[in-house]
Amino acid sequence: ARGRTLEVAVGTGLNLQYYDWAQPAPAAATEATGGGGEEEAAATAAASSGVTSLDTVDLSPGMLAQARARVRGSPGLAGRPIAFQQADVAALPQPCTRMWRLWRLALGSS
């Protein structure tokens, strides 16, 4: 996965540790050069090679509570841009519905 990612039926969050997260560009390098040139290209390549943010959905509030606790308790996940949404997958909230449509289009189904 890379870029903004949606995980449906996240459950207790057991799979979250396996995501390959994009590495942010060092702020000092970007500021020193005004954000241009080779440093900008390197930052773009880093962002395109991993997950930049993760939206998760699950029907069960109890499962989401466990997933949130797992993220808080994991040094590799705490502080990452992970959002949790309690919802029925068949009736995803608007931002997720848009991602769902894009995913279906990418797979060639309607």
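As a basis for the values below, the full set of heavy atoms in this structure was taken, side chains included, without hydrogen atoms, waters or symmetry mates. Along the sequence shown, residues carry numbers from 1. Predicted model only: the values in this text are computed from it and were never measured.
- Evaluation of the side-chain contact (heavy atoms from CB on, under 4.5 Å) rule for Ser74 yields Leu77 as partners, not counting sequence neighbours.
- Between Thr52 and Pro81 the shortest heavy-atom distance is O-CG, 3.0 Å.
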- Item | Verdict with reasoning, Tyr19 to Glu7, per side-chain contact (heavy atoms from CB on, under 4.5 Å) | CA-CA 11 Å; Tyr19 280 100; Glu7 180 165 331; 2.5 Å; yes
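- Scanning both residues, Ala1 and Val51, for their nearest heavy atoms gives O-CG2, 3.7 Å.
- Gln86 is listed as a side-chain neighbour of Leu59, based on a closest heavy-atom distance under 4.5 Å.
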Which pairs of donor and acceptor atoms, one on a side chain in residues 63-70, lie under 3.5 Å apart (sequence neighbours left out)?
residue: Arg70; atom: NE; partner: Thr12; partner atom: O; Å: 2.9

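- The two residues Asp58 and Gly11 come nearest to each other via the heavy atoms OD2-N, 2.7 Å.
- Using a 4.5 Å heavy-atom threshold, the side chains of Thr56 and Ile82 count as touching.
- Residues Leu54 and Trp21 meet the side-chain proximity criterion, which asks for heavy atoms closer than 4.5 Å.
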- Task: Take Val71 and Leu16 through the test side-chain contact (heavy atoms from CB on, under 4.5 Å) and record every step on the way to the result.
- Result: CA-CA 8 Å; Val71 168; Leu16 299 179; 3.7 Å; yes
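- Residue Ala78 comes nearest to Arg72 through the heavy atom pair CB-O, 4.1 Å, listed as atom of the first residue, atom of the second, then distance.
- Taking 4.5 Å as the limit, some side-chain heavy atom of Val8 sits within range of a side-chain heavy atom of Leu6.
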